[in-house]
Protein chains: 2
Amino acid sequence: MAGRRGQATRQKLLTCLDEMLSSSPYRDVRVIDVARRAGTSPATFYQYFPDVEGAVLELAEEMSRESSSLSELATDRTWTGKAGWRTAEELVDGLLSFWRENDAILRVVDLGAAEGDKRFSKIRSKVLGGITGPLADSIGKLQSKGKADPDISPAAVAGSLVSMLTSVAGQQKAAQSWGAKKSDLKPNLAYLLYLGVTGRRPSR
Amino acid sequence: MAGRRGQATRQKLLTCLDEMLSSSPYRDVRVIDVARRAGTSPATFYQYFPDVEGAVLELAEEMSRESSSLSELATDRTWTGKAGWRTAEELVDGLLSFWRENDAILRVVDLGAAEGDKRFSKIRSKVLGGITGPLADSIGKLQSKGKADPDISPAAVAGSLVSMLTSVAGQQKAAQSWGAKKSDLKPNLAYLLYLGVTGRRPSR
DNA sequence: TACTTGTCCTGTCATGTCGTCAGCTTACCG
DNA sequence: CGGTAAGCTGACGACATGACAGGACAAGTA
């Protein structure tokens, strides 16, 4: 449905859109600006995408494909003792850097999902589900061994913890206003994650 | 700088803008629609606000003023035993309903802050600070009594916990996709909050 | 090289929003 | 009831949107 040259322009438009999203408010991103930056015309943009939102969805789907690597940070991991602490640290680290690399598009996905747009909600679920799923499994297993609180819902706890991580990740610039040092962020997130999953304080 | 009639139209425009934000994507909110809904003309809108964003900032500031009531949910509260559990429950409950009542504007504030707009960041800090501040104090006090982990940063932990609550609150519709029941949400958030503040599982 | 073919790009146009100004309407007061 | 100032709006130039028809370009053929 598209030739070689066409694919290239299409991809260039997507790249320029991504840059645009990183540098100006979503509300102000215009087709004409994206096209100009890509060295082409608005008409070309409309040949490949229905509108800005449509193109953003493409970007989001691309990102959600890349997010599958996040699952590895949460599947088949131990949550006991010092190895458990390392699991928490690595998960926080991986998630924060993924967010830093894709902050612009993730912002828009979050907004779309919060506004009730099913297409964005679905993408968001896919990205987060890659972590919450395995994490909930881990909690469930700890629970069945009597090592975690029996009254909690693994899915709800996992979802909430991942929400915490993504929310902090998305507001990293603003986070300093809490009065916390930037270097404090990661270890304290790992602390809360470990605590939430296991119900116990980490042994570092 | 403004008469009685003027105040009324201005307020009506703000109200209509709020409704608009609740019913359509922020990106698609147009001055002309707000004006029409308020039974007036675009020119009138521009008499009171520089643009949509300017008006949104007004709404956000109004909301941040109302948010001061949130502070009470976190100041001078006990975090020990069953009373501590009630503190957590009430904080979760209050925050979730505040978010539900103001979800539209809070969404936009979050976006603006994430995009690096200082004006929105400031408002967001003010709203969240009303809770994170007292909460960090509580954690600090527990810490000095040896009742909480000495290695954590109260500010970072409090900020992260509040981020968790607000993030979940902002995506309440999407939250069911985790596979968790809606009724599970509040108790499990309270669990994580109590756990994060005290370092111990709640005694319910 | 010249020609053909199908893909790809863009000039142009109708439509609609933005943001401003001059001038009209309304409310209030002496 | 007339004057005055506050408040509102029609109208306008500028710009973005989205659609189409036709021009430009790469690649294959002779």
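Chain letters run A, B, ... following the sequence lines, proteins first and then strands; every chain starts at 1.
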Ignoring backbone atoms, test whether [X] places a side-chain nitrogen or oxygen under 4.0 Å from the OP1 or OP2 oxygen of [N].
{"X": "A:Thr9", "N": "C:dC8", "result": "no"}
{"X": "A:Thr44", "N": "C:dT10", "result": "yes"}
{"X": "B:Tyr48", "N": "D:dC8", "result": "yes"}

**Asked** Among C:dT10, D:dC8, D:dA16, which nucleotide sits nearest the side chain of A:Ile32?
**Response**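 Minimum distance to the A:Ile32 side chain belongs to D:dA16.
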**Asked** B:Ser41 has a side chain; which of C:dG19, D:dT9, D:dT17 sits nearest to it?
**Response**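 Closest nucleotide to the B:Ser41 side chain: D:dT9.
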**Asked** Of the non-hydrogen atoms in B:Ser153 and A:Ala180, which two are nearest, and what is the gap between them?
**Response**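 Scanning both residues completely, I find the closest heavy atoms to be OG-CB, 4.3 Å.
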**Asked** Considering all heavy atoms of both residues, which atom of B:Ser22 and which atom of B:Arg107 are nearest to each other, and what is their separation?
**Response**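 Result for this residue pair: CA-NH2, 4.4 Å.
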**Prompt:** If you measure from CZ on B:Phe45 to OG1 on B:Thr40, what distance do you get to the nearest 0.5 Å?
**Reply:**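 Going from the CZ atom of B:Phe45 to the OG1 atom of B:Thr40 covers 11.0 Å.
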**Separation between CD of B:Gln11 and OG1 of B:Thr15, rounded to the nearest 0.5 Å** =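 Taking CD in B:Gln11 and OG1 in B:Thr15, the distance rounds to 5.0 Å.
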What integer distance in Å separates [X]:[atom1] from [N]:[atom2]?
{"X": "A:Arg36", "N": "D:dT17", "atom1": "CZ", "atom2": "C1'", "answer": "14 Å"}
{"X": "B:Arg10", "N": "D:dA6", "atom1": "CZ", "atom2": "P", "answer": "16 Å"}
{"X": "B:Arg27", "N": "C:dT17", "atom1": "CZ", "atom2": "C1'", "answer": "14 Å"}
{"X": "B:Gln47", "N": "C:dA22", "atom1": "CD", "atom2": "C1'", "answer": "13 Å"}
{"X": "B:Asp28", "N": "C:dT17", "atom1": "CG", "atom2": "P", "answer": "12 Å"}
{"X": "A:Met20", "N": "D:dA16", "atom1": "CE", "atom2": "P", "answer": "11 Å"}
{"X": "A:Gln7", "N": "C:dC9", "atom1": "CD", "atom2": "P", "answer": "11 Å"}

**Request:** Would you mind telling me which residue lines up with the more 5' stretch of DNA chain C, B:Arg4 or B:Tyr46, judged by nearest nucleotide?
**Result:**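 The residue closer to the strand's 5' end, by nearest nucleotide, is B:Tyr46.
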**Message:** Let me spell it out: for each of A:Gly3 and B:Asp33, pick the nucleotide of DNA chain C with the closest heavy atom. Which residue's pick is nearer the 5' end?
**Reply:**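 Final value for this comparison: A:Gly3.
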**Prompt:** What is the nucleic acid contact for A:Phe49, judged by heavy atoms within less than 4.0 Å: base, sugar-phosphate only, or nothing?
**Reply:**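 Since no nucleic acid heavy atom lies under 4.0 Å of A:Phe49, the category is nothing.
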**Request:** Answer with base, sugar-phosphate or nothing: what part of the nucleic acid does A:Phe45 contact at a heavy-atom distance below 4.0 Å?
**Result:**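 Result for A:Phe45 = nothing.
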**Message:** Given the ring of B:Tyr26, does A:Arg27 sit roughly above its face, with NZ or CZ under 6.0 Å from the centre of the six-membered ring and within 45° of the axis?
**Reply:**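 Judged by the rule, A:Arg27 and B:Tyr26 form a cation-pi pair.
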**Prompt:** Between B:Arg5 and B:Ala43, which has a closest nucleotide on DNA chain D that is more 5'?
**Reply:**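 Counting from the 5' end, the first nearest nucleotide belongs to B:Arg5.
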